[in-house]
Chemist: 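Below: one structure in structure tokens.
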Amino acid sequence: MAQLTLFNSLKREKQAFIPIDPQHVRLYACGPTVYSYAHIGNARMAVVFDLLARVLRGIYPKLTYVSNITDVDDKIITASRENGEDIHVLTRKYERIYNEDMKALGANPPDIQPRATDHIGDMVALIETLIAQDHAYAADGHVLFHVPSFPAYGGLSGRSRDEQVAGARVEVASYKKDPADFVLWKPSEPSEPGWDSPWGRGRPGWHIECSAMAERHLGLPFDIHGGGADLKFPHHENEIAQSCCAHGHENDLGAFAGYWVHNGFVTVEGEKMSKSLGNFLLVHDLLAEYPGEALRLTLLSAHYRQPLDWRADTIRQNKKLLDRLYKKLEGFDGPAGAVPDSVLRALYDDLNTPQMIAALNVLAKEDDLAGLKAAGDFLGILQEDPLLWKQGVQGHAGSSAPEGAESVAAIEALIAARDSAKKQKNFAQADKIRDELSALGVVVEDTPQGPVWRRV
RNA sequence: GGCGCGGUGUCAGAAUGGUUAUGUAGAGGACUGCAAAUCCUCGUAAGCGGGUUCGAUUCCCGCCCGUGCCUCCA
């Protein structure tokens with residue numbers, strides 16, 4: 001089978017993926033900060049790296065996929081103050097909701113989902129190492145990473161330190177030796193969460209947690225580090241700086257992770273999703289309206305590195321594609337075959353999901369149902385019963401009849417009434433009932449075996 | 001201002017230096033009491049201007065437009 005290639009952000013080119021240890025591939029992807037419901041952008045990251053994990057598992061005997069939960073952060077403190085919820089309660093709640101929502105999108109949980117607050121000791125140790133090696137310094141209760149101590153800084157995002165300084169729009173804190181220096185540890189007010197440390201009671205900066213958790217659970221160097229494109233700078237740049245410097249690899253940006261994979265952003269109806277525009281789409285809300293698989297397929301309908309514009313029409317098209325594939329699978333009860341080469345070839349080419357979807361269409365057209373089913377199992381779609389899918393009564397995996405939809409019993413009563421009208425050749429009455437059903441979002445198909453219906 | 005990405009048919013969205021993406025919408029046809037589903041057929045896509053080439057949507061240069069990051073953000 002073909003070689004897996006991935007676009008490596010660190011090298012800015014598509015490369016053959018060569019694992020450090022072919023017996024055990026190691027993947028880390030930056031997970032969510034849990035202070036609110038997961039949005040569709042969180043979902044894209046989760047679905048993309050779930051797919052990458054599936055592909056890697058299909059090739060290599062063992063994969064460890066780590067994706068963290070950030071449960072200490074100023075946004076969390078703010079959210080806690082705003083709604084009066086205890087921080088611990090709040091973070092656990094949104095962590096649970098995140099995991100439920102991602103499950104509904106067909107994303108398998110990562111093998112390890114470490115919480116930042118469970119790794120404070122690792123972070124403190126890492127910071128102490130950096131101080132001992134003169135890559136960091138304490139000042140005013142803060143500990144800062146000294147960026148000039150790492151000349152290779154900026155290699156991932158392709159921006160030099162000077163450029164960053166020139167572009168800085170924020171006021172530089174007085175305790176910084178260099179404007180580019182970033183926080184490893186900062187002091188906490190009594191009302192803020194904090195941990196005792198050699199520098200007093202405080203909490204970690206944002207970037208250090210991923211350095212600590214990736215090292216703890218995967219060891220260094222590991223194979224692939226992923227996350228959203230916006231994390232490239234400064235988050236991932238700073239992770240590299242911390243981890244490489246702590247281990248004496250000041251000249252080797254690859255000493256932390258060999259391949260960096262970044263997924264593109266989701267926009268909504270052409271606009272960037274942002275708090276200020278108030279157009280954050282929550283997975284939780286979308287799941288009330290669409291089956292999880294339709295959302296999953298929509299998230300995969302554009303190549304992962306391209307921006308994905310989330311529009312009602314896009315979901316509609318992908319739902320329709322699923323409807324068609326499910327229809328093909330009606331009555332198919334044979335064993336799934338091997339995952340077809342056409343699908344794997346597309347995925348191995350830097351996760352070319354649009355081409356993968358084209359391959360799915362071809363399988364359906366050629367009635368390769370065993371192959372189609374195998375592909376669905378591999379991709380995390382087509383997991384429902386085809387008949388239940390059609391009627392929108394799936395009770396699990398987040399797919400369900402839309403809220404406020406007519407009950408199955410009520411629909412079937414109308415179907416029966418129409419069928420008897422038809423038998424009496426009372427076509428006017430039959431068409432009237434068809435219109436009523438249509439208004440309920442139900443389409444009736446007359447087949448030689450009698451009427452069947454589905455929701456649209 | 002710095003760094004980056006992109007402009008493909010109604011729309012979504014890939015690949016590709018010469019040969020059908022795929023889907024969606026639309027048009028025509030078969031089928032149907034009417035529909036739906038399915039099947040068949042159709043439309044001659046590549047922001048603009050140069051260049052390289054026998055040949056460019058595909059490579060190079062310039063321009064225009066859009067967009068992302070540089071500040072918390074997946």
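All figures in this text were calculated on a predicted structure; none of them were measured in a lab. Letters A, B, ... are given to chains in the order of the sequence lines, protein chains preceding strands, and every chain is numbered from 1.
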Chemist: In whole angstrom, give the distance that lies between atom CG of A:N263 and atom P of B:A74.
Modeler: 11 Å

Chemist: Would you mind classifying the nucleic acid contact of A:G41 as base, sugar-phosphate or nothing, using non-hydrogen atoms under 4.0 angstrom?
Modeler: base

Chemist: Please check the phosphate of B:A36 (OP1 and OP2 only) for any side-chain N or O of A:W453 closer than 4.0 Å.
Modeler: no

Chemist: I'd like the P distance from B:C3 over to B:A45, given in whole Å.
Modeler: 38 Å

Chemist: Using only heavy-atom distances, determine whether the side chains of A:S243 and A:S211 contain a donor-acceptor pair under 3.5 Å.
Modeler: yes

Chemist: Using the closest heavy atom to pick a nucleotide of RNA chain B for each, name whichever of A:R316 or A:Q355 lands nearer the 5' end.
Modeler: A:Q355

Chemist: Which nucleotide, B:C70, B:G33, B:C72, lies nearest any side-chain atom of A:F233?
Modeler: B:C70

Chemist: Base, sugar-phosphate, or nothing: which does A:D431 touch, judged by heavy atoms less than 4.0 Å apart?
Modeler: base

Chemist: Regarding A:R26 and A:T64, do their side chains bring together a donor and an acceptor under 3.5 Å, going by distance alone?
Modeler: no

Chemist: Could one point to a donor on the side chain of A:R434 or the base of B:C34 with an acceptor on the other under 3.5 Å away?
Modeler: yes

Chemist: Considering only atom C1', compute the distance from B:C5 to B:C40 and round it to an integer number of Å.
Modeler: 41 Å

Chemist: Give a yes/no answer on whether the side chain of A:R324 brings an N or O atom under 4.0 Å of OP1 or OP2 in B:U24.
Modeler: yes

Chemist: If the cut-off is 4.0 Å, is A:K232 near the phosphate of B:C3, judged by side-chain N/O to OP1 or OP2?
Modeler: no

Chemist: Do we see a donor-acceptor contact under 3.5 Å between the side chains of A:Q113 and A:N68?
Modeler: no

Chemist: Using salt bridge (Lys or Arg N to Asp or Glu O under 4.0 Å) as the criterion, point out the one residue from A:D323, A:D367, A:D368 that pairs with A:K328.
Modeler: A:D367

Chemist: Heavy atoms only, 4.0 Å cut-off, all strands: where does A:V266 land among base, sugar-phosphate and nothing?
Modeler: base

Chemist: If you measure from the Lys or Arg side-chain nitrogens to the Asp or Glu carboxylate oxygens, is any gap between A:K186 and A:D74 under 4.0 Å?
Modeler: yes

Chemist: Reckon A:H262 touches a base, only the sugar-phosphate, or nothing at all at heavy-atom distances under 4.0 Å?
Modeler: nothing

Chemist: Under 4.0 Å between any heavy atoms, over every strand shown, what does A:R311 touch: base, sugar-phosphate, or nothing? Just pick one.
Modeler: sugar-phosphate

Chemist: Please report the distance separating the C1' of B:U41 from the corresponding atom of B:C60, rounded so that it comes out in whole Å.
Modeler: 41 Å

Chemist: For the C1' atoms, the ones on B:U44 and on B:U57, what distance do you get once it is rounded to whole angstrom?
Modeler: 14 Å

Chemist: Distance check needed: B:C70 P versus A:E237 CD, whole Å only.
Modeler: 13 Å

Chemist: Can you measure A:L300 atom CG to B:U22 atom P for me and round it to whole angstrom units?
Modeler: 20 Å

Chemist: With rounding to the closest Å, how many angstrom separate the P atoms on B:U8 and B:A21?
Modeler: 16 Å

Chemist: Can you tell me how far C1' in B:U19 sits from the matching atom in B:G1, rounded to whole Å?
Modeler: 47 Å

Chemist: Taking the side chain of A:K320 as its heavy atoms from C-beta onward, which of B:U24, B:C34, B:C73 lies nearest to it?
Modeler: B:U24

Chemist: Choosing from B:U22, B:A74, B:C73, which nucleotide comes nearest the side chain of A:A358?
Modeler: B:U22

Chemist: Any side-chain donor-acceptor pair under 3.5 Å between A:R115 and A:T70?
Modeler: no

Chemist: Determine the contact category for A:S438: base if any of its heavy atoms lies under 4.0 Å from a base atom, sugar-phosphate if only primed atoms, P, OP1 or OP2 are that close, otherwise nothing.
Modeler: nothing

Chemist: Given atom CG of A:L372 and atom P of B:U22, what is their separation to the nearest angstrom?
Modeler: 17 Å

Chemist: Contact class for A:K327 vs. all strands (heavy atom < 4.0 Å): base, sugar-phosphate, or nothing?
Modeler: sugar-phosphate

Chemist: Dot-bracket, RNA chain B: Watson-Crick or G-U, under 3.5 angstrom, [ ] crossing, | other strand?
Modeler: (((((((...((.....[...))..(((((.......)))))....(((((..]....))))))))))))....

Chemist: Nearest to the A:K365 side chain among B:C40, B:G33, B:C72, which nucleotide is it?
Modeler: B:C40

Chemist: Where the side chain of A:K272 is defined as all heavy atoms beyond and including C-beta, which of B:U22, B:G68, B:C11 is the nearest nucleotide?
Modeler: B:G68

Chemist: Rounding to an integer number of Å, can you tell me how far A:E330 CD sits from B:U38 P?
Modeler: 11 Å

Chemist: Strictly below 4.0 Å, N to O, side chains only: are A:R345 and A:D349 in salt-bridge contact?
Modeler: no

Chemist: Any base atoms under 4.0 Å from A:L321, or only sugar-phosphate, or nothing? Heavy atoms, all strands.
Modeler: nothing

Chemist: Give a yes or no on whether the backbone of A:Y175 and the side-chain of A:D140 come within a donor-acceptor separation of less than 3.5 Å.
Modeler: no

Chemist: What nucleotide among B:A14, B:C73, B:A36 has an atom nearest to a side-chain atom of A:P354?
Modeler: B:A14

Chemist: Between A:H236 (NE2) and B:G68 (P), how many Å, whole number?
Modeler: 20 Å

Chemist: When you match A:S301 and A:K422 each to their closest nucleotide on RNA chain B, which lands nearer the 5' end?
Modeler: A:S301

Chemist: Please tell me whether A:T267 and A:D309 have a donor and an acceptor in their side chains that are separated by less than 3.5 angstrom.
Modeler: yes

Chemist: When the C1' atoms of B:U16 and B:C34 are considered, how many whole Å apart are they?
Modeler: 46 Å

Chemist: Considering only atom P, compute the distance from B:C72 to B:C59 and round it to an integer number of Å.
Modeler: 36 Å

Chemist: Can you see if the side chain of A:R454 gets near the phosphate of B:A37 - specifically, an N or O under 4.0 Å from OP1 or OP2?
Modeler: yes

Chemist: Taking CD from A:Q306 and C1' from B:G66, how many angstroms apart are they, rounded to a whole number?
Modeler: 14 Å

Chemist: What nucleotide among B:U24, B:A14, B:G33 has an atom nearest to a side-chain atom of A:F427?
Modeler: B:G33

Chemist: Taking atom types as modelled and ignoring hydrogens, do the side chains of A:E13 and A:N8 form a donor-acceptor contact shorter than 3.5 angstrom?
Modeler: no

Chemist: Please tell me whether A:F182 and A:H207 form a close aromatic pair, meaning their ring centres lie under 6.0 Å apart.
Modeler: yes

Chemist: Under 3.5 Å, is there any donor-acceptor pair linking the side chain of A:D446 to the base of B:C34?
Modeler: yes

Chemist: Are the ring of A:F265 and the six-membered base ring of B:G68 within the stacking cut-offs of under 5.5 Å and under 30°?
Modeler: no

Chemist: In whole Å, what is the span from the CG atom of A:D230 to the P atom of B:C5?
Modeler: 17 Å

Chemist: Counting side-chain heavy atoms from C-beta on, which of B:A74, B:U24, B:A14 comes nearest to A:Q317?
Modeler: B:U24

Chemist: Base, sugar-phosphate, or nothing for A:V48, non-hydrogen atoms under 4.0 angstrom?
Modeler: nothing

